[in-house]
Amino acid sequence: MFSLFNSRPKTISFPPLSLYNSETRSPETFVSLSKKEVKLYSCGPTVYDYAHIGNLRAYVFADTLKRTLLYNGYVVNHTINYTDFGHLTSDADTGDDKMMKGLRREGLDISLDSMRLLSDRYIKAFNEDLIALNIIFPTQFARASDYVREQIALIKTLEQKGYTYATSDGIYFDIAKFPSYGRLGNIQLAELQNGARVEINPEKHHPADFALWKHGELGWKSDWGVGFPGWHIECSAMSAVHLGETFDIHGGGLDLIFPHHENEIAQSRCAYGHDVMANVWMHNGFLQVEGRKMSKSEGNFVTIHELLETEKFGGQSWDGLVLRLAMLMTHYRQPIDFSNRRLEEAKSIVERWADYKIEINSLFGGEMAAWRAEIEPESSILDDLNLHPLISEMSSDGAAGAKGDRGAALSFYAALELLGFEGVEANSRAVASLEIVADDVLSDSLDAIIQMRLEMLKAKNFAEADRIRDDLAAKGIQLKDGKDAATGERVTTWEVKR
Ligand code: AMP
Ligand code: ZN
């Protein structure tokens with residue numbers, strides 16, 4: 001798996017990759033900070049409940065970006081965080097902590113231990129969602145409650161540098177001290193004076209000032225007393241730990257531009273003293289239902305569990321790859337109107353691709369792997385991840401390949417991998433639930449996961465590597481780590497235990 005990515009000669013010169021930067025509001029030719037590696041941060045889910053398919057669009061988008069970078073010969077160091085405390089229902093500094101809401105919903109007591117239990121549950125569910133959508137796992141998942149010390153240290157730095165002030169309920173960032181505040185979202189501070197989208201609090205100097213620390217009965221000890229870091233600081237702290245104080249690309253859904261990303265920039269730039277937090281800011285559009293953003297608060301949400309495992313939607317359950325394509329059929333920056341019709345359309349394409357791949361496998365079999373490195377699929381994807389021409393070309397290449405055109409078959413294969421459909425002849429729902437346990441059905445998806453896990457082990461990220469092993473074990477897939485007798489390299493094999 002990913003032999004296309006791994007085996008491409010690094011000397012091939014590719015046409016430049018153009019990415020739309022939300023900060024400059026224009027497409028830019030991408031230049032990475034280091035020659036070989038791209039450092040990518042995606043804001044992760046708040047793990048108090050199942051993610052809905054709108055949330056998951058953000059990770060399908062990040063995965064497309066990552067595969068495009070891999071295809072261009074880069075190594076991608078990718079971090080996704082899990083927010084497991086401190087995200088209030090308003091996105092600003094008011095409302096309930098979403099984790100508390102989750103604890104009450106599930107009848108758990110209000111304690112840090114129960115919060116851990118609750119987030120374990122939904123972290124596992126989120127990882128399963130990623131597998132169902134064939135999203136490559138990040139190099140590291142960073143869980144906010146594992147980095148409280150780093151967050152406190154960062155708040156202290158901001159305090160020492162004079163960017164903060166105290167109120168009766170916490171420590172706040174003083175945006176007046178950071179003149180670039182609002183530049184990412186082109187937000188005029190005067191617009192925020194009336195409290196639109198920010199918390200009005202008479203103790204704050206400006207309505208857009210935001211909490212770095214909140215006092216509370218539940219939380220962690222600090223010099224300010226017991227409490228917890230504000231939601232925004234976790235990403236500033238964890239991105240610096242894993243990617244450095246300045247990194248290449250930062251992504252998330254459109255709703256994160258303000259206040260979350262604006263606040264991340266203010267914190268990181270003021271604490272670390274650099275002009276730039278991330279070189280490129282990329283945001284996906286919303287997945288909508290009847291013109292309204294899918295969200296928990298609107299109540300118009302669908303989880304992937306529901307979509308994959310029940311027959312509620314149009315009388316049938318759906319495959320993860322069908323949902324993946326239903327998302328990719330629209331450019332990542334445009335809104336998607338989610339409907340059964342869209343799923344039907346994606347399903348007929350995915351089924352056709354599966355038939356072509358089976359046909360091509362029987363025609364060319366083992367030859368395909370050796371040829372992969374030499375071919376290039378349609379390069380429209382290099383124009384800010386424009387997939388439209390590629391998706392239509394895949395259908396014609398697949399058809400020609402199935403009739404014996406070797407070149408077309410190779411392009412089709414490459415494009416399947418590039419877009420995350422390399423296991424199309426399998427069924428991702430079956431992989432997730434192990435209804436079908438044929439080796440060749442599982443191997444494509446598993447090889448990707450095993451590869452990522454080996455990289456984690458190499459980076460000594462044992463906690464995440466163990467989590468992946470345990471997640472798979474819960475599905476009946478047992479990993480065995482060992483060493484290749486000839487090369488001495490670490491290898492992992494797998495078997496299905498019913
Ligand atoms: P949250 O768990 O609310 O922090 O959100 C996780 C990710 O999902 C963030 O990148 C959000 O911007 C993104 N997101 C939330 N709702 C939608 C939606 N309806 N469509 C696309 N992305 C969304
Ligand atoms: Zn974030």
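Both ligands and their constituent atoms are indexed starting at 1 by order of listing.
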(request) Given side-chain contact (heavy atoms from CB on, under 4.5 Å), test D109 with L103 step by step and report yes or no. (result) CA-CA 7 Å; D109 66 322; L103 290 177; over 6 Å; no

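The shortest N or O to N or O distance between A58 and ligand 1 is not under 3.5 Å. Between L256 and ligand 1, not a single N/O pair is under 3.5 Å apart. Residue-to-ligand polar distances place D255 within reach of ligand 1: an N/O pair is separated by less than 3.5 Å. Checked against a 3.5 angstrom limit, the closest N/O atoms of M294 and ligand 1 fall inside it.
With sequence neighbours excluded, the residues satisfying ring-ring contact (aromatic ring centres under 6.0 Å, His included) with H250 are Y41, F247, H261, W281. In terms of the ring-ring contact (aromatic ring centres under 6.0 Å, His included) criterion, H52 has no residue partners (sequence neighbours excluded). With sequence neighbours excluded, no residue satisfies ring-ring contact (aromatic ring centres under 6.0 Å, His included) with F228.
Here K39 does not pair with D248 in a salt bridge; the nearest charged N to carboxylate O distance is not below 4.0 Å. Salt-bridge check for D319 with R324: failed, with every basic side-chain N at 4.0 Å or more from each acidic carboxylate O.
Counting only protein N, O or S atoms, 4 lie closer than 2.8 Å to the Zn ion (ligand 2).
Side-chain atoms of S268 and E245 form no donor-acceptor pair, as typed in the model, at a separation below 3.5 Å. Judged by distance alone, the side chains of Q140 and T79 do bring a donor and an acceptor atom under 3.5 Å apart. Between the side chains of H242 and Y147, at least one donor N or O sits under 3.5 Å from an acceptor N or O. A donor-acceptor pair shorter than 3.5 Å can be found between the side chains of H283 and S22.
No option in R121, R104, R105 other than R105 meets the salt bridge (charged side-chain N to carboxylate O under 4.0 Å, His left out) test with D49.
By the 6.0 Å contact criterion, NZ on K293 is enclosed, its count of non-hydrogen atoms from other residues, nucleotides or ligands being greater than 12. Remark: K458 NZ is loosely packed, at most 12 non-hydrogen atoms of other residues, nucleotides or ligands lying under 6.0 Å away.
Residue contact check: H87 has heavy atoms under 4.0 Å from atoms 4 (O) of ligand 1. Close approach of ligand 1 to Y59 (heavy-atom distance below 4.0 Å) involves ligand atoms 6 (C), 7 (C). Ligand-side atoms of ligand 1 in range of G252: 10 (O), range being under 4.0 angstrom from any heavy atom. Close contacts of ligand 1 with G44, meaning ligand atoms under 4.0 Å from a residue heavy atom, involve 4 (O), 6 (C). Interface atoms of ligand 1 facing G285, defined by a heavy-atom separation under 4.0 Å, are 21 (C). Atoms of ligand 1 found under 4.0 Å from any heavy atom of P45 (numbered from 1 in listed order, with element): 2 (O).
Nearest-residue assignment for atom 8 (O) of ligand 1 (options D49, N284, N55; heavy-atom criterion): N55. Of the candidates S295, G54, A62, G54 brings a heavy atom nearest to atom 17 (C) of ligand 1.
When non-hydrogen atoms are compared, ligand 1 lies under 4.0 Å from neither the backbone nor the side chain of T83. Heavy atoms of H52 found under 4.0 angstrom from ligand 1 belong exclusively to the side chain.
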